[in-house]
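Per chain, numbering begins at 1; letters A, B, ... match sequence-line order. This is a predicted model, so every value here is computed, not measured.
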Amino acid sequence: MSSNLSDISHDQLAVRRQKLADLREKGVDPFRTDFQPTHFSSEAVAAFVDGAEPEEQPAVSVAGRLVVIRKMGKAQFVKIQDQAGIIQIYVRLDGIGAEEYADFKKLDLGDIIGVEGQLFQTKTGEISIRATKYALVSKSLRPLPEKFHGLTDTEQKYRQRHLDLIMNKDSRERFFNRSRIVSGIRRYLEERSFLEVETPVFQTIAGGAAAKPFVTHHNSLDRDFFMRISLELYLKRLLVGGFDRVFEIGRNFRNEGISRRHNPEFTMLEVYQAYSDYRGMMELIQGLIRHLVTDVLGGKEIKMPNGEVIDFMGEWREAKYKDLVCEKVGDPDWFSKSKEEKLAKTKELGLDCQPDWEDYEVSNEVFGKLIEPYLIQPTFVTHLPKELCPLAKITKDDDSTIDVFELCIGGMEIAPAYSEQNDPDVQREMFEKQAGEETQDMDEDFLETLEYGMPPAGGLGMGIDRIVILLTEAENIRDVILYPQLRS
RNA sequence: GGGUCGAUAGCUCAAUCGGUAGAGCAGUUGCCUUUUAAGCAAUUGGUUCUGGGUUCGAGUCCCAGUCGGCCUACCA
């Protein structure tokens with residue numbers, strides 16, 4: 001149309017800008033707000049009546065982004081995409097009128113349009129809409145990535161997730177499922193009388209785990225705060241406060257390396273139930289995960305990247321930490337051996353343990369490197385050494401271990417749970433032992449709270465990102481976090 | 001933080017030994033009233049990530065940087 005269009009024909013942005021200007025000149029609003037669809041794409045497809053006469057098929061109106069355009073002279077097939085999926089539209093010159101059709105031909109891939117029309121089935125059987133009216137709703141000024149390969153450049157996928165979501169069905173479905181998983185968790189817990197709460201992100205002592213926190217500054221108070229590294233200590237205060245069943249789904253922040261399994265901000269579920277213990281938490285987490293697999297995700301088989309199927313419905317293995325370690329090193333007396341002997345053996349096994357490590361750290365290296373990555377089927381690892389966690393109850397008949405489990409699935413630590421330590425004096429002692437290291441500041445306020453009396457309780461944590469990795473068969477934590485951390 | 005591989009058109013990718021940077025899609029123009037990565041014909045489009053260096057000549061070799069992938073380290 002414009003005489004200078006040929007000058008800019010190589011520049012897709014300029015071409016679209018020109019089309020936008022032409023529309024405005026004609027008095028067309030390229031960003032109108034008055035289009036109301038009656039159906040999502042999937043609902044429209046479902047509204048098709050099998051066997052009904054063509055003229056009896058329902059009329060619908062839908063809206064979405066143009067993702068396919070196939071022009072054939074005086075008719076074209078296009079596809080639009082909305083949250084629910086994609087639907088095909090058949091637009092004919094004699095269906096919408098000559099002037100309208102001329103404008104329709106000027107639409108670009110990526111434009112958001114609304115369409116009214118009657119459902120029909122093409123000769124290849126695809127349920128489509130025969131357009132009687134259309135409206136440009138939002139003009140798109142930038143070209144979309146290539147239609148067949150989609151957007152594959154990982155950096156762009158993460159930095160411009162909107163493009164990834166437009167172009168890649170896998171990605172769209174994965175985040176859809178993440179959302180369903182999170183709401184499935186809420187539903188499951190609410191049905192069991194758990195209250196959802198929110199606790200502070202800014203904390204004066206970042207407790208509940210041993211990780212390096214981020215530091216931030218409050219201007220008017222003129223003091224630094226830490227961003228939380230765990231939800232634990234505030235939720236336990238609520239147990240003291242009389243909330244017997246509480247949970248929080250919240251962001252934690254750890255100032256550590258970024259990897260395939262680590263993002264500096266990640267989402268945790270923590271659950272606390274009074275008058276329960278780690279055994280009770282086993283039942284809770286098993287029921288919860290099975291609920292997610294069957295009811296939320298429809299019972300689809302879940303595989304590891306290597307093809308191994310994870311069996312969520314069978315019996316879940318239970319194994320003691322020490323038994324697993326002794327078995328792996330081939331020595332039933334491993335835990336009574338000297339550190340020198342342990343170091344020699346771990347070297348033989350190809351591990352690089354440092355001489356200045358504590359005894360339990362050497363054993364834990366065996367667990368972390370040689371055992372956990374191979375626990376593919378759901379496994380509760382129980383009776384961990386007490387040095388690994390100061391917040392759990394000591395096992396009654398073995399004061400070297402604690403009443404906890406670590407649920408491992410797919411070679412990942414998915415959910416730890418404890419019988420929570422509620423004796424304020426023992427808790428103080430455990431903290432003091434750790435305070436000697438660099439790990440944890442004493443949270444005096446928390447200890448004082450415990451002195452009012454905390455009911456016996458089971459507590460459970462679950463990394464939401466990791467369970468989503470597992471259940472959506474992702475390979476990288478970045479594929480389940482909409483906007484993962486990247487440099488600058 | 002360390003190691004290693006990578007960055008070429010809007011997107012997905014080529015480019016032999018260091019010798020004129022190409023293709024498909026998208027775009028533009030024309031044809032096409034049931035297409036399915038629609039088809040046919042023509043055609044536009046490049047600071048080869050940035051900055052240095054070697055060379056008659058650098059997308060290609062060297063150095064530094066930026067960003068990213070993978071591995072690794074830190075992460076009860």
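A:Phe405 pairs in a ring pair (Phe, Tyr, Trp, His ring centres under 6.0 Å) with only one of the listed residues (A:Phe380, A:Tyr418, A:Tyr321), which is A:Phe380.
One finds a side-chain N or O of A:Lys147 lying less than 4.0 angstrom from the OP1 or OP2 phosphate oxygen of B:A26. Not one side-chain nitrogen or oxygen of A:Arg260 sits closer than 4.0 Å to the OP1 or OP2 atom of B:G69. In this model, the phosphate group of B:U29 is not approached by any side-chain N or O of A:Lys105 to a distance below 4.0 Å at OP1 or OP2. Within the structure, a side-chain polar atom (N or O) of A:Lys123 is placed less than 4.0 Å from OP1 or OP2 of B:U35. The phosphate of B:C75 (OP1 or OP2) has no side-chain N or O of A:Arg254 nearer than 4.0 angstrom. A:Gln88 has no side-chain polar atom (N or O) that falls below the 4.0 Å cut-off from OP1 or OP2 of B:U36. The side chain of A:Asn476 places an N or O atom within less than 4.0 Å of a non-bridging phosphate oxygen (OP1 or OP2) of B:C70. Distances shown here put every side-chain N or O of A:Arg92 at or beyond 4.0 Å from the OP1 or OP2 atom of B:U35. Note on A:Arg16: every side-chain N or O is 4.0 Å or more away from OP1 and OP2 of B:G10.
Contacts of A:Gly150 with the nucleic acid, taken as non-hydrogen atoms under 4.0 Å apart, involve only primed sugar atoms and P, OP1 or OP2. The residue A:Leu384 sits apart from the nucleic acid: no heavy atom pair falls under 4.0 Å.
A straight line from NZ of A:Lys157 to P of B:G69 spans 12 Å, rounded to a whole angstrom. Going from atom NE2 of A:His10 over to atom P of B:A26 covers 19 Å, rounded to whole Å. As rounded to whole Å, 15 Å separates atom C1' of B:A26 from atom CD1 of A:Ile8.
When both distances must be under 3.5 Å, the Watson-Crick or G-U wobble mate of B:U47 does not exist. Using N1 to N3 plus N6-O4 or O6-N4 for Watson-Crick, or N1-O2 and O6-N3 for G-U wobble, each under 3.5 Å, B:A41 pairs with B:U29. Pairing of B:A7, defined by two Watson-Crick or G-U wobble distances under 3.5 Å, is identified with B:U66.
With its glycosidic angle within 90° of 0, B:C17 is assigned syn.
The distance from atom NZ of A:Lys369 to atom CG of A:Asn364, rounded to the nearest 0.5 Å, is 9.5 Å.
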